[in-house]
Amino acid sequence: MLRILTIICLGAACATAQAASLTGQTAIGNDIDPAPSYSRYLELADSALYYIAKENWSEAARCTRDALRLEPANPGNPMLFSNLGLAAGMEGKIGEAMECFDIALSRAPKSIPVLTSKAKIQIKASDTVGAMETIDAILAIDSLSEWPLQTRGLLRMRSGEYKDAFDDFKKLTKAFPSNSWGPGGMAKCMEIQGYLSEAAGYYSDAISRTVPGDDDRVEFQLGLIENLGHTGKLTEALGVAKEAIGEQPHDGRLYLLRGWIKKLLLIYREAEADKQLAIDYGVDFQTIERFFPEKR
């Protein structure tokens, strides 16, 4: 969920940028000087974009409302209502957000940016059923829309619908070569169902689609190390751990898994040293206990 919420914030600025550019093109296409109210409308739309990029939701909402008052019939208003819904939703005003999205969709029922913003707020509000309905509507319009396809896969996986989730991740893998969550999602689906050997290859593919320092890369490296440990490929697991620690030397989880692998290799002293490093870097007790259970 946290990763999806991160995508929400990143997508917010993109949605508003699209709205601002659409309104700007209208003035240029007419080849006339815009009226004062229209110029101010564009300024307010740009200001809202700025505040959304800064995650200042209250100011973004204020600028958007002011723009809507100036130009109530502007054809770009569906996007502004969508942005207002996004700002309200990020402030926790879910009812207001849904009203804004309903207005936007009544004027632009097949707008993918509007539907996407609505789905993101539904996810934030833990309305999984509503979010799935909205995402299905997006994919009915564009079956290879990247964010909806990835997110539906994640939601299906969390709901235990592993076959359908795997199908979404498989489409994502083929359609978007730089998307690491395609193979990463397939790896997790396989792993959860007990197909560990198959999962390892997907983890490797996911890692190859990332760069050092990427948060997703670390998650997939952790997944691969644990996977290799459970399948007895301990030397290979140590190699992955060494590379990952070289890239992220302050991630305690990597030391924990390296220590666990060393424990499986009966290198007890080094295993305990890695366990202590994991503790020093702030890994919580429950996670430590999972790999180094205390004797009862």
Side-chain angles (χ1 to χ4, degrees), residues 7-30 32 34-125 127 130-149 151-152:
I7 296 172
I8 289 174
C9 295
L10 292 175
C14 294
T16 312
Q18 199 165 7
S21 65
L22 285 171
T23 54
Q25 287 169 7
T26 303
I28 294 170
N30 290 337
I32 59 174
S37 66
Y38 188 74
S39 295
R40 180 60 179 155
Y41 172 89
L42 294 179
E43 289 175 5
L44 289 165
D46 286 341
S47 294
L49 168 61
Y50 170 81
Y51 287 122
I52 285 179
K54 297 292 184 181
E55 299 184 21
N56 187 336
W57 307 113
S58 60
E59 283 300 296
R62 180 188 63 78
C63 291
T64 305
R65 288 192 185 97
D66 288 347
L68 289 167
R69 290 190 191 101
L70 278 174
E71 292 275 336
N74 193 288
N77 282 351
M79 283 306 304
L80 292 193
F81 274 110
S82 178
N83 294 334
L84 183 57
L86 185 65
M90 293 303 290
E91 286 193 299
K93 302 172 184 176
I94 304 303
E96 180 182 337
M98 291 302 115
E99 289 179 6
C100 291
F101 292 131
D102 287 344
I103 294 171
L105 290 169
S106 71
R107 303 182 186 186
K110 292 189 176 182
S111 170
I112 289 179
V114 175
L115 288 166
T116 298
S117 292
K118 180 181 179 181
K120 289 174 179 180
I121 295 304
Q122 288 172 314
I123 290 169
K124 185 179 187 297
D127 180 9
M132 285 292 288
E133 290 176 354
T134 305
I135 290 170
D136 284 344
I138 298 171
L139 292 171
I141 299 167
D142 179 0
S143 63
L144 291 177
S145 188
E146 184 174 8
W147 182 87
L149 195 57
T151 303
R152 188 173 70 177

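Sequence positions, counted from 1, serve as the residue numbers for this chain.
- At a threshold of 4.5 Å between non-hydrogen side-chain atoms, the residues N77 and Y41 count as touching.
- When side chains are defined from C-beta on, M98 counts as touching Q122, because their heavy atoms get closer than 4.5 Å.
- For R69, the salt bridge (Lys or Arg N to Asp or Glu O under 4.0 Å) test picks out D66, with sequence neighbours left out.
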Indicate every side-chain donor-acceptor pair of residues 100-110 with a distance under 3.5 Å to a residue at least two apart or in another chain.
from: S106; atom 1: OG; to: I103; atom 2: O; distance (Å): 2.6

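- Here the shortest heavy-atom pairing between G85 and I121 reads O-CG1, 4.3 Å.
- Atom CG of residue N83 and atom SG of residue C63 lie 11.5 Å apart, to the nearest 0.5 angstrom.
- In this structure, the separation between CG on D46 and CD on E43 is 8.0 Å, given to the nearest 0.5 Å.
- To the nearest 0.5 Å, atom CD1 of residue I138 and atom CG of residue L149 are 11.0 Å apart.
- A 4.5 Å side-chain heavy-atom check between R40 and L44 finds at least one atom pair inside the cut-off.
- Note that CD of E146 and OG1 of T116 are 11.5 Å apart. Values are rounded to the nearest 0.5 Å.
- Residue pairs meeting the salt bridge (Lys or Arg N to Asp or Glu O under 4.0 Å) criterion with at least one partner in residues 81-92, sequence neighbours excluded, are E91-K93.
- In this structure, S37 and L70 approach most closely via the heavy-atom pair O-CD1, 4.0 Å.
- Residues passing the salt bridge (Lys or Arg N to Asp or Glu O under 4.0 Å) test with D136 are R152, sequence neighbours excluded.
- The line from CD1 of I112 to CG of D142 is 4.5 Å long, rounded to the nearest 0.5 Å.
- Contacts of E96 classified as salt bridge (Lys or Arg N to Asp or Glu O under 4.0 Å), with partners at least two apart in sequence or in another chain: R65.
- Here the closest non-hydrogen pair linking L139 and S145 is CD2-O, 3.9 Å.
- Considering only residues two or more places apart in sequence or on other chains, E59 meets the salt bridge (Lys or Arg N to Asp or Glu O under 4.0 Å) condition with R62.
- In this structure the side chain of I94 never reaches within 4.5 angstrom of the side chain of K124, judged on heavy atoms.
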Take F81 and V114 through the side-chain contact (heavy atoms from CB on, under 4.5 Å) test and state the conclusion after the steps.
CA-CA 9 Å; F81 274 110; V114 175; over 6 Å; no
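- Considering OG of S117 and CE of M79, their distance stands at 6.0 Å, rounded to 0.5 Å.
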